[in-house]
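Naming: A, B, ... by sequence-line order, numbering from 1 per chain. Since the structure is predicted, the reported quantities are computational estimates derived from the model, not experimental observations.
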Protein chains: 2
Amino acid sequence: MKKELYQMHADMCKVFSNCVRLEILNLLREGELTVSKLVDKSGLTQVNISQHLSIMKSKGMVTSKRKGLNIYYKLSNPKIIKAFDIIREVLSERLTENKKLLGK
Amino acid sequence: MKKELYQMHADMCKVFSNCVRLEILNLLREGELTVSKLVDKSGLTQVNISQHLSIMKSKGMVTSKRKGLNIYYKLSNPKIIKAFDIIREVLSERLTENKKLLGK
DNA sequence: TAAATATATTCGAATATTCTAATATATATG
DNA sequence: CATATATATTAGAATATTCGAATATATTTA
């Protein structure tokens, strides 16, 4: 398999490597939201949310459309949430194992 | 959902955000391999492979066992490859779309 | 067109990641 | 025990990421 493809893959995965972006992706799971809704729901600053949305848009993970003053963002591909959930499962299973080990 | 969980999730995803680690994970897809096998198959240096294996071990993505001089590494959870593959699909679909756009 | 609202961009300091060079450790074997 | 082999660790320069402060832009409405 080509190194170049691994690099593109890694670049796409960098989106998942930040907790703000993960929170945004998770908030977009049910459908599109405006920037201000994302700000409200996350409690993060508008600037920070916009910065991360910009990164995710450039990586092709989200798309946006303007309606008046608002801009709606949504996931570009529903598989993104599948990936999110599988990694959550790996994490959960790991945490469960750690608990078991502590219980012994 | 808790911020702390997003952080742990992001930390786990950092494993996927590097092309060397992705290559290692992909090489381990069929089963365990020694460090030197990974070096041979990837063409990367031993030191670099060991560094990345160490990172992945600390994040709980791989486990290892020694047999004589060799140390065998394997994926800690088969879901890791599912996540790998889903992200590859998102990437492929994105590349296909880009091609279409160029073709127009 | 001026003001209000929603969103984006730029800059820079703090922090984190990556690779290479050098070296260390663990195990097996003569 | 000395040597060879396999693997791990450390240090540090180069590079990348992150966030907040300040500011800019786009759209609507009075």
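- Here the CD atom belonging to Glu23(B) is positioned 11.0 Å from the CG atom belonging to Leu5(A), to the nearest 0.5 angstrom.
- If you measure from atom NZ of Lys65(B) to atom C1' of dT7(D), you get 17 Å, rounded to the nearest angstrom.
- Among the atoms of the strands shown, base atoms are found under 4.0 Å from some heavy atom of Leu69(A).
- The side chain of Ser54(B) lies closest to dT9(D) when the candidates are dT9(D), dT5(D), dT5(C).
- For Lys14(B), taking side-chain heavy atoms from C-beta onward, the closest of the listed nucleotides dA28(C), dT7(D), dT17(C) is dT17(C).
- Look at CD on Gln7(B): it is 14 Å from C1' on dC19(D), rounded to the nearest Å.
- Counting any heavy atom pair closer than 4.0 Å across all strands shown, Tyr73(B) reaches sugar-phosphate atoms only and no base atom.
- Side-chain atoms of Ser64(A) and Lys57(A) form a donor-acceptor pair, as typed in the model, at a separation below 3.5 Å.
- For dT17(C), neither phosphate oxygen OP1 nor OP2 lies less than 4.0 angstrom from any side-chain nitrogen or oxygen of Asn18(B).
- Going from atom CD of Gln51(B) over to atom P of dT23(C) covers 16 Å, rounded to whole Å.
- The stretch residues 35-50 of chain B touches DNA chain C through Val47(B), Asn48(B), each having a heavy atom under 4.0 angstrom from the strand.
- Between the side chain of Arg66(A) and the main chain of Ile71(A), no donor-acceptor pair closer than 3.5 Å is present.
- The interatomic distance linking Ile71(B) (CD1) with dA6(D) (C1') rounds to 8 Å, in whole Å.
- Judged by closest nucleotide on DNA chain D, Ser64(B) is the one of Ser64(B) and Arg66(A) placed further toward the 5' end.
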Can you give me every donor-acceptor pair (side chain of residues 76-85 of chain A, partner residue at least two apart or in another chain, under 3.5 Å) with its distance?
{"from": "Ser76(A)", "atom 1": "OG", "to": "Gly60(A)", "atom 2": "O", "distance (Å)": "2.6"}
{"from": "Ser76(A)", "atom 1": "OG", "to": "Met61(A)", "atom 2": "O", "distance (Å)": "3.2"}
{"from": "Asn77(A)", "atom 1": "OD1", "to": "Lys79(A)", "atom 2": "N", "distance (Å)": "2.9"}
{"from": "Asn77(A)", "atom 1": "ND2", "to": "Glu93(B)", "atom 2": "OE1", "distance (Å)": "2.7"}
{"from": "Lys79(A)", "atom 1": "NZ", "to": "Glu89(B)", "atom 2": "OE1", "distance (Å)": "2.7"}
{"from": "Lys79(A)", "atom 1": "NZ", "to": "Glu93(B)", "atom 2": "OE2", "distance (Å)": "2.4"}
{"from": "Asp85(A)", "atom 1": "OD1", "to": "Arg29(A)", "atom 2": "NH1", "distance (Å)": "3.4"}
{"from": "Asp85(A)", "atom 1": "OD1", "to": "Arg29(A)", "atom 2": "NH2", "distance (Å)": "2.7"}
{"from": "Asp85(A)", "atom 1": "OD2", "to": "Arg29(A)", "atom 2": "NH1", "distance (Å)": "3.1"}

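- Remark: P of dT9(C) and NZ of Lys57(A) are 8 Å apart, rounded to the nearest angstrom.
- The phosphate of dC19(D) has OP1 or OP2 within less than 4.0 Å of a side-chain N or O from His52(A).
- The CG atom of Asn70(A) sits 15 Å away from the C1' atom of dT29(D) (whole-angstrom rounding).
- None of Leu22(B), Leu28(B), Asn26(B) except one satisfies the side chain to side chain contact (heavy atoms under 4.5 Å, CB included) rule with Ile24(B); the exception is Leu28(B).
- The cluster map of Ile, Leu, Val, Met, Phe, Trp and Tyr, joined by side-chain heavy atoms under 4.5 Å apart, puts Ile87(B) and Ile86(A) in different clusters.
- With rounding to whole Å, Tyr72(A) atom OH is found 13 Å from dA8(C) atom P.
- Protein atom CG of Leu33(A) is 15 Å distant from nucleotide atom C1' of dT7(C), rounded to whole Å.
- By the 6.0 Å and 45° rule, Arg88(B) stacks over the aromatic ring of Tyr6(A).
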